[in-house]
Amino acid sequence: TGEGGLTDGIITLKGIHQSGQVGNELIGDDGLVINIDSCTFTGDVTLTAPSILLKNSVFMGDAAFTKIRTSSNSYCYGGNAFYGSVTLDNQDNSNAFRFANITGDYFYNDVLFVPESNEIQMAHTGTTRFEGDVSINSSEISFKTNNGKVILSGENNQTLDGTDPYPFCKLEINKTSGSVQLNQQA
């Protein structure tokens, strides 16, 4: 990428299917947009950029997504499956980081919202499922920005934890076994 790194424009990864467990890291600055569409990653993924867009992709390893700088809203289409633990952070003071803008996502493992993160909108449209623990550590996290629905599902016990309340609009608990423990206000 050169001495200055990735600083502007759009990087689109479409239809990539990784084989092997090698980790993937893509970091950009200034006005860079990272667009991931219909990809499958078997290794861990770390994406850091002013705008991150995710659509119909599969993340088998752990994933960390950090929206940096004031640039534009990052409205992820949805249809994504996250099998490893996911860490989400929005360092942009002005623009939202939205998941499931058009269709729901599926989180099979734990989800952590980074402390003091700015606005992250989950489950905007469609049905988003969570099978692992969820930890909210910022008052800027919401599950109620549009028509979206959250389903807590799976066979394992789940804990909703963190330092801030869970602002659900539509919540369904549909577990084949296990329980859900809420350690914060809903």
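If you read the sequence from its start, that first residue is 1, and numbering goes on from there.
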Task: Rounded distance (nearest 0.5 Å) linking atom CD1 of I102 with atom SG of C76 - done: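 It comes to 11.5 Å.
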Open item on the list: For a quick check under 3.5 Å, do S117 and N90 share a side-chain donor-acceptor pair by atom type?
Closed with: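 There is no such pair between these side chains.
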Task: Y83 to M60 - nearest heavy-atom pair and separation - done: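 Residues Y83 and M60, closest heavy atoms: CD1-SD, 3.5 Å.
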Open item on the list: Quick check: closest heavy atoms across P50 and G28, and the distance to 0.1 Å?
Closed with: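 Heavy-atom minimum between the residues: CD-O, 3.9 Å.
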Task: Minimum side-chain heavy-atom gap T42-Q21 below 4.5 Å - done: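 Side chain of T42 against side chain of Q21, heavy atoms only: contact under 4.5 Å found.
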Task: ILVMFWY network linking F130 to L88, side-chain heavy atoms under 4.5 angstrom - done: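 Looking at the clustering, L88 is in the same group as F130.
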TODO: Output, in order, the C-alpha distance, side-chain angles, deciding distance and verdict of side chain to side chain contact (heavy atoms under 4.5 Å, CB included) for T127 and E172.
DONE: CA-CA 10 Å; T127 299; E172 177 181 328; over 6 Å; no
- [ ] Measure the CD1-CD distance between I141 and E119 for me, rounded to the nearest 0.5 Å.
- [x]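 Rounded to the nearest 0.5 Å, the CD1-CD separation comes out at 9.0 Å.
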Open item on the list: Assess, by modelled atom type and distance only, whether the side chains of D92 and N118 contain a donor and an acceptor separated by less than 3.5 Å.
Closed with: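 No, no side-chain donor-acceptor contact under 3.5 Å.
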- [ ] Among N101, T103, I36, find the residue that satisfies the side chain to side chain contact (heavy atoms under 4.5 Å, CB included) test when tested with Y77.
- [x]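 Answer after filtering N101, T103, I36: T103.
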Task: Exam field: side chain N157 to backbone S179, donor-acceptor pair closer than 3.5 Å - done: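 Yes, the answer is positive, given that a donor and an acceptor are paired below the 3.5 Å cut-off.
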Open item on the list: Working to the nearest 0.5 angstrom, can you tell me the gap between K170 NZ and F143 CZ?
Closed with: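 Here the interatomic distance stands at 15.5 Å.
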Task: Any V150 side-chain heavy atom under 4.5 Å of M122 side chain - done: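 Result no, sub-4.5 Å side-chain heavy-atom pair not found.
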Task: Heavy-atom donor-acceptor pair, K175 side chain to S153 backbone, under 3.5 Å - done: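 Answer holds: yes.
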Task: side chain to side chain contact (heavy atoms under 4.5 Å, CB included) between Y166 and V134, worked out - done: CA-CA 10 Å; Y166 281 74; V134 180; 3.8 Å; yes
Task: Sub-4.5 Å side-chain heavy-atom contact between V86 and N109 - done: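 V86 vs N109: side chains apart.
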TODO: Give a yes or no on whether L112 and F99 share a hydrophobic cluster (residues Ile, Leu, Val, Met, Phe, Trp, Tyr; joining criterion: side-chain heavy atoms under 4.5 Å apart).
DONE: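 L112 does not cluster with F99.
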Open item on the list: Using the rule that Ile, Leu, Val, Met, Phe, Trp and Tyr join whenever any side-chain heavy atoms are under 4.5 Å apart, tell me whether L32 and I10 fall into a single cluster.
Closed with: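 No, no single cluster joins them.
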TODO: Check for a donor-acceptor pair, side chain of D105 on one end and backbone N or O of G79 on the other, with a separation under 3.5 Å.
DONE: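 Yes: the side chain of D105 pairs with the backbone of G79.
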Task: Name of the residue among D62, L54, V111 meeting side chain to side chain contact (heavy atoms under 4.5 Å, CB included) with F82 - done: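 So the option named by the test is L54.
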Task: Distance, nearest 0.5 Å, that separates CG of L26 from CD1 of I34 - done: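 That separation rounds to 4.0 Å.
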TODO: With side chain to side chain contact (heavy atoms under 4.5 Å, CB included) as the test, would you mind laying out the steps for D133 and D161 before giving the verdict?
DONE: CA-CA 8 Å; D133 296 338; D161 209 351; over 6 Å; no
TODO: Quick one: pull up CG in D164 and OG in S139 and give me the separation to the nearest 0.5 Å.
DONE: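 One gets 5.5 Å once the value is rounded to the nearest 0.5 Å.
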- [ ] Return yes if some donor-acceptor pair links the side-chain N/O of Q18 with the main-chain N/O of G43 below 3.5 Å, else return no.
- [x]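 The answer is yes, because a donor-acceptor pair under 3.5 Å joins these two groups.
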Open item on the list: Grouping I, L, V, M, F, W and Y whenever their side-chain heavy atoms are under 4.5 Å apart, do I136 and I173 come out in a common cluster?
Closed with: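 In one cluster with I136: I173, yes.
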Open item on the list: Test side chain to side chain contact (heavy atoms under 4.5 Å, CB included) on Q91 and T66; report intermediate values, then the result.
Closed with: CA-CA 7 Å; Q91 298 174 4; T66 303; 3.6 Å; yes
- [ ] State whether the number of non-hydrogen atoms from other residues, nucleotides or ligands found under 6.0 Å of I16 atom CD1 is greater than 12.
- [x]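 Yes - once you tally the heavy atoms of other residues, nucleotides and ligands closer than 6.0 Å, there are more than 12.
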Task: Pair Q121-Y75, side-chain donor/acceptor within less than 3.5 Å - done: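 Result is no, nothing qualifies.
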Task: same_hphob_cluster(F65, V114) at 4.5 Å side-chain heavy-atom cutoff - done: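 Result: no, two separate clusters.
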Open item on the list: Is it the case that the side chain of S57 and the backbone of S38 share a donor-acceptor pair, with hydrogens and angles ignored and the cut-off at 3.5 Å?
Closed with: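 Here the side-chain-to-backbone pair exists.
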Task: G15 versus C39, closest heavy-atom pair with distance - done: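 So the minimum-distance heavy-atom pair works out to N-SG, 3.7 Å.
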- [ ] State, to 0.1 Å, how close F97 and I52 come at their nearest heavy-atom pair, and which atoms those are.
- [x]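 Smallest heavy-atom distance, with atoms named: CE1-O, 3.8 Å.
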- [ ] Please round to the nearest 0.5 Å and tell me the distance separating atom CG of L160 and atom CG of L152.
- [x]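 Reported value, rounded in 0.5 Å steps: 5.5 Å.
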Open item on the list: Under a 3.5 Å cutoff, is there a donor and acceptor pairing between the side chains of S135 and N137?
Closed with: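 The criterion, which ignores hydrogens and geometry beyond distance, is satisfied for N137 and S135.
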- [ ] Indicate yes or no for a side-chain donor-acceptor contact from T46 to the backbone of A64 under 3.5 Å, with no hydrogens or angles considered.
- [x]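 Not at all, since once roles are kept as given, no pair shorter than 3.5 Å links the two residues.
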- [ ] Take the angle between the ring planes of Y106 and Y108 and call it parallel below 30°, perpendicular above 60°, tilted in between.
- [x]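 It falls in the parallel class, under 30°.
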